[in-house]
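Side chains are part of it too, since the values below use all heavy atoms of this structure and drop only hydrogens, waters and symmetry mates.
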Amino acid sequence: MANILVIEDAEEFAALIQFKLKGAGHNVTLAENGKLGLEAAEKNPPDLIVLDVMMPVMNGLETLSRLRSNPALKSIPVIMLTAQSSEQEIVRGLEQGADDYITKPFSTKVFLARVNAILSRTGKS
């Protein structure tokens, strides 16, 4: 069982992700934008972060940049989860430090498999 922070502004989408992750036995914390997500991560560092790209207040790429520049948070695995599916956007996210990049819409089975693969590699599964 891992502690997973989901930073996603679309309420219904965040609820779906939370439902699937909880069903797989994980503890889930939700944040509706990058600023609140960073605050949540600093308060209680998660084992994994699922991060949307297009959000108000602070977008996902800025959030990722701040996570990677914070010594206490930089090693937390991050899965980018977004509707931005161009090759350029995927490369940009991975180059900025994302551990994986999943485009919407997606299969929840594939999503959970990717979450579990990262958690297994980090010893948090």
Side-chain angles (χ1 to χ4, degrees):
M1 174 172 48
N3 294 314
I4 300 175
L5 172 60
V6 176
I7 307 172
E8 167 66 60
D9 64 317
E11 196 173 314
E12 66 284 347
F13 201 71
L16 171 66
I17 295 168
Q18 181 181 38
F19 176 77
K20 292 297 183 177
L21 290 171
K22 282 188 170 188
H26 302 295
N27 294 320
V28 180
T29 301
L30 298 177
E32 63 189 43
N33 63 56
K35 182 178 182 296
L36 294 174
L38 281 174
E39 291 171 4
E42 289 170 349
K43 183 178 177 182
N44 186 22
D47 299 315
L48 173 71
I49 296 173
V50 176
L51 178 61
D52 186 20
V53 174
M54 297 183 297
M55 295 182 293
V57 184
M58 182 187 304
N59 71 40
L61 293 173
E62 174 66 20
T63 304
L64 179 61
S65 176
R66 291 191 186 197
L67 285 165
R68 294 303 183 231
S69 66
N70 182 327
L73 305 175
K74 70 180 183 178
S75 65
I76 298 171
V78 175
I79 297 176
M80 302 296 288
L81 189 61
T82 180
Q84 295 186 349
S85 61
S86 74
E87 182 178 273
Q88 179 181 349
E89 290 299 322
I90 294 169
V91 169
R92 185 174 172 199
L94 293 170
E95 286 179 344
Q96 284 193 293
D99 296 277
D100 202 349
Y101 196 104
I102 301 173
T103 57
K104 300 174 188 174
F106 61 92
S107 157
T108 55
K109 288 181 182 181
V110 171
F111 169 71
L112 289 174
R114 288 179 168 192
V115 164
N116 290 330
I118 288 175
L119 292 172
S120 178
R121 281 194 305 271
T122 61
K124 304 289 184 178
S125 60

*Output yes when Glu39 and Lys43 qualify as a salt bridge under the 4.0 Å nitrogen-oxygen rule, no when they do not.*
no

*Kindly give the heavy-atom pair with the smallest separation between Ala41 and Leu67, and that separation in Å.*
CB-CD2, 4.4 Å

*asked:* Under 4.5 Å between side-chain heavy atoms, counting indirect links through other Ile/Leu/Val/Met/Phe/Trp/Tyr residues: same cluster for Leu81 and Val91 or not?
replied: no

*Cluster overlap Leu38 with Val57, hydrophobic side-chain contacts below 4.5 Å*: no

*Which heavy atom in Met55 sits nearest to a heavy atom in Leu51, and how many Å separate them?*
CE-CD1, 3.9 Å

_Leu30 with Leu73, same ILVMFWY side-chain cluster at under 4.5 Å_ = no

_side chain to side chain contact (heavy atoms under 4.5 Å, CB included) assessment of Arg121 paired with Asp99_ = CA-CA 11 Å; Arg121 281 194 305 271; Asp99 296 277; 5.6 Å; no

*Does any N or O in the side chain of Asn116 come within less than 3.5 Å of the main-chain N or O of Leu112, such that one atom is a donor and the other an acceptor?*
yes

Can you list, pair by pair, the side-chain donor-acceptor contacts under 3.5 Å of residues 1-20, counting residues two or more places apart and other chains?
unit_1	atom_1	unit_2	atom_2	d
Asn3	OD1	Asn27	ND2	3.0
Glu8	OE1	Lys104	NZ	3.1
Glu8	OE2	Ala10	N	3.0

*Do you know which two heavy atoms are closest between Pro77 and Ile118, and how far apart they sit?*
CB-CG2, 3.4 Å

_Inter-residue atom distance Leu94.CG - Tyr101.OH, 0.5 Å rounding_ = 8.0 Å

_Between Val50 and Leu64, is there shared hydrophobic-cluster membership here, with clusters defined by ILVMFWY side-chain heavy atoms closer than 4.5 Å?_
no

_Ignoring hydrogens, what is the shortest heavy-atom contact between Thr63 and Asn59? Give both atom names and the distance._
OG1-O, 2.8 Å

*Can Val53 be reached from Ile79 by stepping across I, L, V, M, F, W or Y side chains whose heavy atoms are under 4.5 Å apart?*
no

*Flag the pair Met58 / Arg66 as yes when at least one side-chain heavy-atom distance between them is below 4.5 Å, and no otherwise.*
yes

*Has Glu32 got more than 12 heavy atoms of other residues, nucleotides or ligands less than 6.0 Å from its CD?*
no

*What's the spacing between Met80 CE and Thr103 OG1 if we round to 0.5 Å?*
12.5 Å

_To check you understand the geometry: which heavy-atom pair defines the closest contact between Ile76 and Arg68, and what is its length?_
O-NH1, 2.8 Å

*Decide side chain to side chain contact (heavy atoms under 4.5 Å, CB included) for Asp47 and His26; before the verdict, give the C-alpha distance in whole Å, the side-chain angles of both, and the deciding distance to 0.1 Å.*
CA-CA 10 Å; Asp47 299 315; His26 302 295; over 6 Å; no

*Considering all heavy atoms of both residues, which atom of Gln96 and which atom of Leu61 are nearest to each other, and what is their separation?*
OE1-CD2, 3.0 Å

